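A short worksheet on the structure shown next.
Here is the naming used below: chain letters follow the sequence lines, and residue numbers restart at 1 for every chain. The structure presented is a predicted model; accordingly, all values stated were derived computationally and were not measured.
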Amino acid sequence: MLVLRDMATSSRSFEKVQGLPLESLPKSLEFSEVETRLQQAWEQEKTYQYSETDTRPVYAIDTPPPTVSGSLHVGHIFSYTQTDIIARYQRMNGKNVFYPMGWDDNGLPTERRVQNFFHIRCEASAPYEAGLDLPPILTTMTDKELQEKRIPQRNLSRKNFIEHCHKLTVEDEKQFKKVWSHIGLSVDWKLEYATIDERSRTIAQLSFLDLHEKKEMYQIEAPTLWDTDFQTAVAQAELEDREIPGAFHDIEFQVEGGGSFTIATTRPELLAACVGVTTHPTDERYKNLIGKFAISPLFGVRVPIFGSEMVNPEKGTGILMVCTFGDQTDVQWWREQKLPLRQIIGRDGRLMPFQFETTQANETYAKIVGKNVKQAQKLMVEILQASGAMKTAPKPIQHAVKFYEKGDRPVEILTTRQWFVKLVDKKEKMIEYGSRIKWHPEYMEARYKNWTENLSIDWCISRQRFFGVSIPVWYPLDDQGIIQYDRAMVPTRKQLPVDPMSDLPEGYTEAQRGKPGGFIGESDVFDTWFTSSLTPQLGSHWELNPARHKKLFPMDMRPQAHEIIRTWAFYTIAKAMLHEQSLPWKHIMISGWVLDPDRKKMSKSKGNVVTPSQYLDEFGADSVRYWSGLARTGVDTAFDPGIMKIGRRLAMKIFNAGKFVFSNSADDGVVTEPLDLAFLEKLKAQCAHAVQSFENYEPGQALMETEKFFWSHFTDSYLELVKTRTWGEKTSDAEKKAKASAVHALRLGLKTFLKLFAPFLPYSTEEVWRWAFTGESKSVHLARFPTAQDFEGIPAGDPSVFDAAVAAQTAINQQKTLSKVSIARAITLIKLKAHPDTIKALTPVQSDVCGATKIEKLETVSDSTLSTNLFLVEHVEYGPEVLKNMP
RNA sequence: UGGCUCGUAGCUCAGCUGGUUAGAGCGCUACCUUGACAUGGUAGAGGUCGCAGAUUCGAAUUCUGUCGAGCCAACCA
């Protein structure tokens, strides 16, 4: 902080400065060298350290823990840089910034990657092999080679499998950290965590215990969304629609007591699971059937025919079969009509054995049992056609089907036992909580609201996977060895974290595990969102460190992408509400996506994903950050190396302007000259704009305005206009004074620009800062973001003299360009015509203009019909050597 | 079908609460080595602001309708 003397009475005096000889400064900005050197400096100096003890206000950021599977792509760089820009601004704004980095390393993406990487699979029954340490196989062999050579996968025990998950994620995290450091994230690496580490597991299980005590959680055996590849339950929020080809199949049903009708279905393989038939109650074609019973073909099952408003008479044949379960509506009909359950699809997506009432049915079913859905469908069509129940060929259609977002086959609905968090009954409260958070941009709240309003299923949090946080529950076994699900036993808080598969519930011994009268541990793990929804609490050490929690929670800002508003933002708000009736954060800043140059979303399957490292190497981190920082909050941005090029140009310009400013010496003195004062006045206003943009969570606006100001007012205008005053040694007192005014204004200007640009271009600004400004603070990143305070004690300037000087400079340059002469050529006489006000404004800065444009004699002509800030060249005379070259 | 965004120069985008002649950068053209910078500088060409109405003294900006693009959700038998 600057210590300012009695400002009210005296203007601010600057100390004498010794210019740095140009030869002593680097010739050019070598990004990779600067980046490496400054990264080390920041680490050594602990520049970005969060302080647990100091009393400055905290600014806590709920950093998204990236999924650690594979490599970062340019979208990560884009959004994380935007967060870092805010973090750096807040740090310079005097906040004690809490900016952690977590790794989301548990869950399916990791499991899948580990399976491929080591060519292994988790097999619950496999015995544990202590010390097993397999080499990575994918680095030596491709997938195709593995298949060709028929190298079998190794089946590992759960414990061995998890060990290998840890092994790989640790390596991946190192790679990620390298890229994050390169891009210049001002993360405090002491706050690093992983969603699978011990503290995270403890806090996730604490969350479970709390919700369990509050009875906000229940366990039920019911139809749930199921992915047959991963063989786990999934949540509504993890579904996505995909358009795939399908076909309507017309199947004839008989009516009990005579008659028949034809239903249309896209899933004939579920005929065996048909438990009802429904049609619209007003449909003239079928309404007389309502109340009767139908007999399903081939399987001869007697099912009720009922009316339902949900049936669309336009669709298919207007009458349809209800199965357990083809889709979500089937579940609804099944519940409302209290239909029986005929579950035929198994957890692996194959048709399970099922006992039918008739021999014929059992014989038919025998042909499809054990087949997967696709095979069964094909066979069923053949059988139906042969039997005559299906007279027409399937009619192909294109339809949207629900998929688990990470899965390859449509989800099925299976009756399984799962744990749920009650959310459907809290929709209104969730919307109200959401409205109390400041969304940036504001309209993103609509997405949250929209999703919450449409939520129809409670949050299924149990997953039948391995690499995750265990659900901390044991179940007693009765004398027959039957699991007593309704008597679930939870651990004490002190026991956490627990793995119910190896740890014991209180009062039991290991010998009782799996024995009648004993107990059994829950083998399911949490949905990864169950842990991820606690990232603010993971950072604040909720329940483990109350003082820390109080200081950090609710956090100030959650940065995240818009496609996970329905999951991450939604669940995080839910958790904070359920646990503490609190908001998780005050602000949420939504970043857009990076689209490929054709404005298509980047995705691995399309093969249009851009990896960042080549661009970091080619343009430098600051240039890539410039591209990220320029984007408007929440708006999708096309990947464009052209913008990075411009960023690099800006970084170099700052570097070169710094060289110019620092090369000038000056005596001690005050800023007195009208041009200097006018420039600083304008700069002061620019600082206020920048602050406003940052406070609005629109840093891109600050960058755009600052850049424009820097380029047009500073380097193109002001720097040129003061050159004659700063060049060389001055002899007279007046000249020395005028020089000092310029040099000190230049230095204050440069210092201000470095601070304004520091959040965006941390490397180039820091590099220049360290040449001569370390007296104020060691790092520009710990300096105060500029405000009017930086200009205290400097007399107010008149901006109009600056505008007049620039206008005159432009008119003269234009004249020289039109005459096709060098800007450096001397003008012996020039007559400029302008509005009298403009001429008046030019007077105090006329000598600066003449110096910069090499004018020996300047005459002005008044013309009040002209608009202000416009000069017209009436007459110009160049020196004789110039005239020679004229056309 | 509903909700939300977007549509401005060849390209990427600014344009806040309506107010002179609609801006910037890239690209393009011409010129200039000037003592921080040729990874530079000076200038030039280029737009009836998707379309149609309405409000207003005045609309790129507000309202209505419409067309197009994207996203989210509903429907998906």
(message) Are more than 12 heavy atoms, taken from residues, nucleotides or ligands other than A:Glu428, located less than 6.0 Å from that residue's CD atom?
(response) no

(message) Given B:U42, B:C37, B:G27, identify the nucleotide with an atom nearest to the side chain of A:Lys653.
(response) B:C37

(request) Compare the minimum distances between each of B:U34, B:C75, B:A36 and the side chain of A:Ala824, then state the nucleotide with the smallest one. (result) B:U34

(message) Check this for me, if you would: do A:Glu720 and A:Lys723 make a salt bridge, where the nitrogen-to-carboxylate-oxygen distance has to be below 4.0 angstrom?
(response) yes

(request) Remember a base hit wins even if backbone is also touched, and classify A:Arg648 as base, sugar-phosphate or nothing at under 4.0 Å, heavy atoms. (result) nothing

(request) Considering just the side-chain nitrogens and oxygens of A:Lys402, establish if one lies under 4.0 Å of OP1 or OP2 belonging to B:A74. (result) yes

(request) Among B:A36, B:C76, B:A43, find the nucleotide with the atom closest to the side chain of A:Lys723. (result) B:A36

(message) Over all strands shown, is A:Ala657 touching base, sugar-phosphate only, or nothing at heavy-atom distances under 4.0 angstrom?
(response) base

(message) Please confirm whether the shortest side-chain N or O distance from A:Thr329 to OP1 or OP2 of B:C76 is below 4.0 Å.
(response) yes

(message) Closest-nucleotide mapping onto RNA chain B: is A:Asp636 or A:Lys645 further toward the 5' terminus? I mean the 5' end.
(response) A:Asp636

(message) Whether A:Asp803 and A:Lys682 form a salt bridge (side-chain N of Lys/Arg under 4.0 Å from carboxylate O of Asp/Glu) is what I want to check.
(response) yes

(request) Using a heavy-atom cut-off of under 4.0 Å over every strand shown, decide if A:Glu720 touches base, sugar-phosphate, or nothing. (result) base

(message) In whole Å, I'd like the distance from the CZ atom of A:Phe709 to the C1' atom of B:G25.
(response) 19 Å

(message) For RNA chain B, please output the secondary structure as dot-bracket, reading 5' to 3'. Pairs are Watson-Crick or G-U wobble, both atom distances under 3.5 Å; mark crossing pairs with [ ], other-strand partners with |, unpaired with a dot.
(response) (((((((..((((.....[...)))).(((((.......))))).....(((((..]....))))))))))))....

(request) Looking only at side-chain atoms of A:Arg649, point me to the closest of B:G25, B:U34, B:C72. (result) B:G25

(request) Just compare B:G41, B:A43, B:G23 and give me whichever is closest to any side-chain atom of A:Thr817. (result) B:A43

(message) If the test is ring pair (Phe, Tyr, Trp, His ring centres under 6.0 Å), which one of A:Phe679, A:Phe710, A:Trp711 qualifies with A:Tyr718?
(response) A:Phe679

(request) Looking at every strand, decide which applies to A:Ser663 at a 4.0 Å heavy-atom threshold: base, sugar-phosphate, or nothing. (result) nothing

(message) Once you apply a heavy-atom cut-off of 4.0 Å, does A:Val322 come out as touching a base, just sugar-phosphate, or nothing?
(response) nothing

(message) Taking donor-acceptor contacts at under 3.5 Å, does the side chain of A:Asn450 reach the base of B:C71?
(response) no

(request) Could you tell me whether A:Asp241 contacts a base, only the sugar-phosphate backbone, or nothing, with contacts defined as non-hydrogen atoms closer than 4.0 Å? (result) base

(message) Please determine whether a side-chain nitrogen of the Lys or Arg among A:Glu707 and A:Lys653 lies less than 4.0 Å from a carboxylate oxygen of the Asp or Glu.
(response) no

(message) So for atom NZ, which belongs to A:Lys645, do other residues, nucleotides or ligands contribute more than 12 heavy atoms lying within a distance under 6.0 Å?
(response) no

(message) Heavy atoms only, 4.0 Å cut-off, all strands: where does A:Thr810 land among base, sugar-phosphate and nothing?
(response) sugar-phosphate

(request) Report yes if at least one side-chain N or O of A:Gln814 is closer than 4.0 Å to OP1 or OP2 of B:G44; otherwise report no. (result) yes

(message) Tell me if the CD atom of A:Gln398 is crowded by more than 12 foreign heavy atoms within 6.0 Å.
(response) yes

(request) Give A:Leu22 one of three labels, base, sugar-phosphate or nothing, depending on what nucleic acid heavy atoms sit under 4.0 Å from its own. (result) sugar-phosphate

(request) Determine the Euclidean distance between corresponding P atoms of B:A38 and B:G19; express it in Å to zero decimal places. (result) 42 Å

(message) Less than 4.0 angstrom between a side-chain N/O of A:Trp627 and OP1 or OP2 of B:C26, yes or no?
(response) no

(message) Tell me the interatomic distance from A:Leu595, atom CG, to B:A69, atom P, rounded to whole angstroms.
(response) 16 Å

(message) Once you apply a heavy-atom cut-off of 4.0 Å, does A:Asn312 come out as touching a base, just sugar-phosphate, or nothing?
(response) base

(message) Any carboxylate oxygen within less than 4.0 angstrom of a Lys/Arg side-chain nitrogen, looking at A:Asp250 and A:Lys395?
(response) yes

